[in-house]
Chemist: 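My questions all concern the structure below.
First the proteins, then the strands, lettered A, B, ... as listed; each starts at 1.
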Amino acid sequence: MNYLYFPGCSLKGTGRAYEDSILSVFKGLQLPLEELDDWNCCGATSYMAISEMKAFALSARNLALAEKQAHSRENFGLVTPCAACYLVLVKTQKYLQEFPDIGDKIKTALKSANLEYGGKVRVRHPLDVLANDFGTEKLASFVKKPLKGLKVACYYGCQIVRPYAEFDDQHNPTTMNRIMHALGARTIDWALKTRCCGGSLTGTIQEVGMRLSYILLREASRLGADVVATACPLCQFNLECYQKQMSREFEDAISIPVVYFSQLVGFAMGLPAKELGMQRLFVPFKFNPAAESVKGGIHVHS
Amino acid sequence: MPVWRGWDKIKYQAQLDPAFAEEVTSIPGGEKLFDCIQCGTCSGLCPLSPYMDFTPRKIIAMIRAGFKGEVLSSHTCWLCASCYACTVECPKGVKITEIMYATKRLAIREGVSPKRFAIPVLAEEFFRDVESNGRNSEGRLIMKLYLKTNPFKALKQATLGLRLWSQGRLGIRSDSIKRKSELKTLLKSLEKERMVRSRRETAHAGEAK
Amino acid sequence: MSTPENKTNGTPRIGVYVCHCGINIAAKVNVAECVEFARSLPYVTVAREYKFICSDPGQELIQQDIRDGKIDRVVVASCSPLMHEATFRKATLAGGQNPFFFQMANIREHVSWVTFDKEMATLKAKALIAGAVMRVARHKPLEKTRVPVNPDVLIVGGGIAGIHAALTIADSGKKVYLVEKEPTIGGHMAKFDKTFPTLDCAACILTPKMSAVRSHPNIILWSYSEVSQVDGYVGNFKVKVRRKPRYVDEELCVGCYECIEKCIFKKAKFEDEFNIGLSQRKPIYIPFPQATPLVALIDPETCTEFRTGKCKKTCVDACERKAIDFQQKEEIKEIDVGAIILATGFKIFDATRIPRYGYGKYPNVFTSLEIERLVNASGPTGGEVRLKDGGKPNSVGIIHCVGSRDINTNRYCSRLCCMASLKLAHLIKERTGAEVYNFYIDIRAAGKGYEEFYDKLLKEGVHFIRGRVAEVSDWTMTADEEGKLVIRAEDTLIGVVRRIPVDMVVLAVGLEPSADADNIRRMFNISCSYEGWFLERHPKLAPVSTFTDGISLAGACQGPKDIPDSVAQAGAAAAEALALIDKGFVELEPNTAFVQDEFCSGCCTCVALCPYSAISFSADNNRASVNGALCKGCGTCVAACPSGALQQNLFTDEQIFEEIRGVMNYV
Ligand SMILES: Cc1cc2nc3c(=O)[nH]c(=O)nc-3n(C[C@H](O)[C@H](O)[C@H](O)COP(=O)(O)OP(=O)(O)OC[C@H]3O[C@@H](n4cnc5c(N)ncnc54)[C@H](O)[C@@H]3O)c2cc1C
Ligand code: SF4
Ligand code: SF4
Ligand code: SF4
Ligand code: SF4
């Protein structure tokens with residue numbers, strides 16, 4: 001497998017820790033990852049609200065660039081950690097295939113900019129790559145500091161599995177849980193793993209957005225989770241950065257670390273905290289591995 | 001004598017726009033809207049429906065009935081977070097999230113999106129940023145947003161911003177791509193294209209898959 | 001090509017009749033122009049138009065032309081042959097000509113209903129008429145053959161539908177084989193306590209019929225059995241039935257329960273299928289006290305003797321009648337029957353397919369069928385509605401349309417779950433006093449006395465919330481939600497999203513075709529609808545018969561149905577079987593294949609291909625031959641024969657090519 005990497009705007013900004021940890025983990029697992037050259041904004045949700053055609057065009061340019069950069073490499077994936085970017089890229093692929101009239105218009109537009117897309121790119125989420133290409137068993141063998149005793153609330157958010165369930169069940173996704181089990185951690189069984197965090201509403205109608213995030217944190221705490229693991233820069237931001245405001249607004253002292261799943265993977269692999277962007281967290285993640293546990297998490301599953 | 005206000009409660013057919021539904025549903029798969037059985041699954045699942053002025057189900061009913069003005073000036077679509085919870089469970093395959101996008105686009109086009117309401121502003125700022133640079137910088141975006149809608153809030157948020165900045169999570173400098181002209185040409189060629197098609201075309205595309 | 005000859009040895013004289021079908025055809029096809037055109041075709045001596053040619057005067061027109069000697073062959077350009085071919089063949093015969101000197105041109109379904117342009121439609125109609133004229137000129141007189149009908153009937157499935165059909169036929173003096181795959185007959189109805197809308201006791205009305213089946217001299221009941229093979233055709237089916245071993249002799253066992261009591265397992269510990277896993281049974285068991293036949297059976301999966309060979313076999317000692325037989329083997333019975341009724345019923349929708357309703361995840365989410373067992377006085381709780389921990393529910397939510405009316409599961413409405421939900425709401429409220437909330441999209445209560453039952457429930461104070469439930473979950477927002485199941489739905493009439501905490505959730509699961517419906521369909525060579533329900537011949541005018549003559553349908557195997565409808569259909573199916581038997585013979589269509597000996601090379605390609613095993617090969621003359629009684633006229637062999645030796649009546653090469661020539665040449 002060959003992987004190109006599409007960071008998207010967030011991973012260069014608020015989600016920098018996501019980028020740090022993904023790059024370090026892939027490097028640590030000896031999975032080559034090559035950043036897509038001259039990528040542009042994916043088009044994401046707000047763009048869709050103004051011009052859907054232009055949003056598709058933005059995505060299509062990225063896909064076209066990826067196809068070109070991959071040259072003749074068979075079997076390559078465009079690894080896209082941000083959930084919003086991931087969804088828009090997948091959606092564009094689907095629309096280009098399913099609605100020929102849209103496909104034709106985009107094709108013509110690409111041509112006018114001397115670009116071309118043949119439909120060969122596979123958009124992949126890093127959860128998918130780690131669990132299904134690399135494999136959780138192999139991952140477990142890289143674990144140096146098993147997360148024994150840690151209770152993780154795996155939070156998938158919406159757009160990784162909805163509406164296109166590409167690599168996991170859209171009602172009850174389990175990929176992240178399996179990865180956490182491979183690290184030796186336990187996961188809580190909760191009903192809210194794909195409930196919306198509020199998305200960009202936290203920035204626009206804060207009262208509403210914050211409440212949605214609060215519901216998630218409250219339930220995770222109620223069920224005794226030590227940490228919430230996310231797979232999307234916006235989710236992570238919403239859940240982590242407003243905890244002070246939430247505590248005030250809802251008169252409920254909320255304080256629970258919210259990290260990227262990839263930070264936990266790197267942590268268990270024994271990578272230095274700095275390389276994982278741990279210092280960028282608002283609510284610090286602390287974990288002292290239970291006294292000298294011997295091996296990785298291979299034996300911990302279910 | 002008090003003014004008799006009974007007429008407020010009644011909606012005359014003449015006040016409705018029978019063509020509105022066609023307009024909204026001309027997106028791919030949009031014709032499914034006419035299959036809706038008003039069961040409320042979408043509203044029940046929607047995490048934002050409690051804050052909407054009309055629930056997603058009600059919006060569907062209003063679109064079908066031609067309540068153009070009410071739908072386009074409603075807050076509902078701007079509250080939709082595109083989480084797709086409704087779409088995947090709708091028993092009739094109504095593409096509710098896409099309908100929400102479609103009403104957003106129409107509202108902006110018709111210039112009736114709620115004034116001074118942060119979300120459309122965010123969308124438009126985002127749009128402009130990307131049109132010119134190919135990328136967006138969240139920091140600049142958020143700053144502009146607050147200045148435009150609610151300067152006081154910008155002050156209140158300053159602490160959060162500072163913290164983000166000190167942790168290296170906020171770039172105020174604008175990032176941009178190298179081949180800007182390539183992108184300009186690409187987007188320009190679609191200037192007039194909308195995804196709006198006639199009902200018949202849409203139906204055919206649906207069959208094709 | 002030689003001039004074709006007819007009965008009277010002359011040049012064919014063909015009458016063409018073009019139908020308006022009211023405006024169905026006339027609105028799109030210029031009928032007068034077609035008639036004019038028909039007159040110009042070879043052999044045509046009469047061409048007429050008529051408003052409804054299928055009407056009596058219309059048919060009379062054809063008959064009179066034949067009687068007057070104006071014509072000796074008939075072409076009708078009208079609707080589909082499925083609709084009226086039989087009608088016009090009869091008219092041809094009534095006029096005094098062989099009924100196969102007739103051909104139909106379908107200018108309604110194939111032309112006027114599917115063509116927008118009037119001119120194109122007329123052109124296409126003309127082409128089809130020309131084809132029919134050229135074809136009928138090559139027709140030969142054919143005769144139908146008669147075969148006697150075996151008077152015995154096979155009924156598959158012993159639910160209420162199968163039981164009712166069996167009793168009806170047996171009472172008329174005919175012999176019935178009733179094959180049921182479970183150890184007892186009774187089907188789903190045997191599991192209910194009360195039935196809507198009258199709330200009469202299911203057992204009181206069902207068990208007398210079950211024992212009547214057992215004691216009827218004309219009924220042979222084979223429970224714990226399945227049909228394994230079906231050959232033959234209407235009036236003369238050959239059927240093999242596989243009887244599974246019960247390891248208890250049916251003739252000797254009297255159902256005294258002694259063996260069960262004395263089984264080395266002191267406590268019942270295996271999942272009881274009849275109670276849908278809500279209680280336990282022993283390895284040797286009787287499904288329920290009114291089981292028919294009332295005979296014990298051993299489940300080899302759980303019986304110690306079968307698993308280890310080292311059981312003390314206390315059951316054997318306990319049985320005074322020496323009925324237990326560990327050596328019992330599967331038996332294959334071969335029977336001949338004239339008619340078959342399928343009554344294999346339904347299965348309930350698997351609620352785990354909708355994860356957001358929490359079935360299989362939260363213990364107190366039940367299916368409606370499970371609740372039927374809980375409210376049943378002879379069920380696992382003696383009729384008490386209990387939570388999994390034994391507690392009494394204070395609030396219960398009933399969710400309608402689970403697995404129905406949903407493109408993600410089944411599109412159709414299951415028709416009776418609304419009423420079953422109302423019944424359960426009433427029974428739960430009566431037994432526990434709990435607050436009951438029904439979440440519905442529409443209340444479908446269209447039967448006799450059904451709306452009145454709904455009225456009654458409204459008066460009883462059952463809550464009705466119009467909204468399809470979004471989710472059942474255990475995450476909480478308020479103190480009163482702690483430890484409860486929370487139902488979230490939009491109350492669409494009030495216009496708010498509500499969260500209602502309850503102790504128990506009941507899923508009104510929809511109905512689906514039974515698990516082996518597809519198997520049965522293949523075996524009996526019938527068709528299924530898109531969803532897998534057995535397909536009736538016509539949704540309105542032949543809702544009981546199938547496309548395979550001699551096989552009819554009864555009960556929920558044809559589509560969701562409540563008990564009154566199942567019984568009504570079972571009566572109709574019995575009448576169809578009896579009518580066939582009473583007639584005493586069947587007429588076989590003559591459109592069979594035949595081998596032209598002089599061309600057959602004896603390659604046997606056809607023999608293996610025939611789906612009805614109608615072709616045999618004789619080594620003596622190295623030729624294949626077709627048994628006309630078995631041939632269904634599918635044409636497979638005709639297309640496959642490399643020597644062109646196989647031909648089919650009504651579809652000879654000559655007839656087909658002439659038809660094509662007609663279509664191509666004249667317009
Ligand atoms: C929860 C619930 C409550 C209901 N309550 C009511 C009510 O109160 N009133 C009412 O009118 N209706 C009620 N119904 C509907 C009722 O169950 C059906 O109308 C009725 O059972 C249909 O009868 P049937 O004989 O067609 O099918 P079934 O009852 O399903 O019987 C079919 C029989 O065929 C057997 N069988 C299946 N496949 C084979 C095979 N391959 N070979 C041999 N045998 C086979 C089965 O074992 C079964 O015994 C209810 C349904 C449900 C699900
Ligand atoms: S879930 Fe679908 S069918 Fe139900 S109200 Fe919403 S859009 Fe209509
Ligand atoms: S996609 Fe929008 S309308 Fe649908 S459930 Fe999510 S927020 Fe609500
Ligand atoms: S053989 Fe043993 S286990 Fe089996 S039924 Fe008899 S006593 Fe029970
Ligand atoms: S009968 Fe009622 S509950 Fe059953 S599918 Fe139809 S509407 Fe839904």
Chemist: Shorter than 4.5 Å, heavy atoms on both sides: which option in A/Ala113, A/Ser112, A/Pro163 has the most such pairs with chain B?
Modeler: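 Heavy-atom pair counts peak at A/Pro163.
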Chemist: Find the one option among B/Thr185, B/Leu48, B/Leu187, B/Leu45 whose heavy-atom pairs under 4.5 Å with chain A are most numerous.
Modeler: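 Looking at each option in turn, the highest pair count goes to B/Leu187.
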Chemist: Let me know if A/Arg280 has heavy atoms under 4.5 Å from chain B in its side chain, its backbone, both or neither.
Modeler: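 Interface part for A/Arg280: both.
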Chemist: Less than 6.0 Å separating the ring centroids of A/Tyr214 and A/Tyr242?
Modeler: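 Ring-ring flag for A/Tyr214/A/Tyr242: false, centres at least 6.0 Å apart.
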Chemist: Could you tell me which portion of A/Lys244 (side chain, backbone, both or neither) has an atom closer than 4.5 angstrom to a non-hydrogen atom of chain B?
Modeler: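 Only the side chain of A/Lys244 comes within 4.5 Å of chain B.
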Chemist: Measure distances from A/Leu192 to the heavy atoms of chain B and classify the residue's part below 4.5 Å as side chain, backbone, both or neither.
Modeler: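 Interface part for A/Leu192: neither.
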Chemist: If you count heavy-atom pairs within less than 4.5 Å of chain B, which of A/Ala109, A/Gly199, A/Cys196 leads?
Modeler: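 Heavy-atom pair counts peak at A/Ala109.
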Chemist: Give, as side chain, backbone, both or neither, the part of A/Leu212 having an atom under 4.5 angstrom from any heavy atom of chain B.
Modeler: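 Looking at A/Leu212, just its side chain touches chain B.
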Chemist: Could you check whether any side-chain heavy atom of B/Cys86 comes within less than 4.5 Å of a side-chain heavy atom of B/Tyr84, counting everything from C-beta outward?
Modeler: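 Sidechains of B/Tyr84 and B/Cys86: no contact.
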Chemist: To the nearest 0.5 Å, tell me how far A/Asn62 CG sits from A/Gln69 CD.
Modeler: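 That separation rounds to 11.0 Å.
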Chemist: Parallel, tilted or perpendicular for A/Phe167 and A/Tyr86, by the 30°/60° rule?
Modeler: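 The arrangement is perpendicular - the two ring planes meet at more than 60°.
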Chemist: Could you measure the distance from the NZ atom of B/Lys32 to the CD1 atom of B/Ile27? Nearest 0.5 Å is fine.
Modeler: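 If we round to the nearest 0.5 Å, B/Lys32:NZ and B/Ile27:CD1 are 11.0 Å apart.
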Chemist: Taking the six-membered ring of A/Trp39 (Phe, Tyr or Trp), confirm whether the NZ or CZ of B/Arg135 is under 6.0 Å from its centre and within 45° of its axis.
Modeler: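 Yes, cation above the ring, under 6.0 Å and within 45°.
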Chemist: Out of B/Ile108, B/Thr87, B/Thr103, B/Leu183, which one racks up the most heavy-atom pairs below 4.5 Å with chain A?
Modeler: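 Top count of heavy-atom pairs under 4.5 Å with chain A: B/Leu183.
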Chemist: Under 4.5 Å from any heavy atom of chain B, what part of A/Gln170 do you find: side chain, backbone, both or neither?
Modeler: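 For A/Gln170, side-chain heavy atoms alone lie under 4.5 Å from chain B.
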Chemist: Do we get A/Lys91 above A/Tyr95's six-membered ring, with its NZ or CZ under 6.0 Å from the centre and within 45° of the axis?
Modeler: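 Yes, cation above the ring, under 6.0 Å and within 45°.
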Chemist: Under a 4.5 Å heavy-atom cutoff, which of A/Ile215, A/Leu58, A/Asn114 has the most pairs with chain B?
Modeler: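 Maximum pair count with chain B is reached by A/Leu58.
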Chemist: Heavy-atom distance under 4.5 Å to chain B: side chain of A/Glu240, backbone, both or neither?
Modeler: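 For A/Glu240, the contact with chain B is made by the side chain alone.
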Chemist: So does A/Glu116 have more than 12 non-hydrogen atoms from other groups sitting under 6.0 Å from CD?
Modeler: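 No, the 6.0 Å shell around CD holds no more than 12 heavy atoms from other groups.
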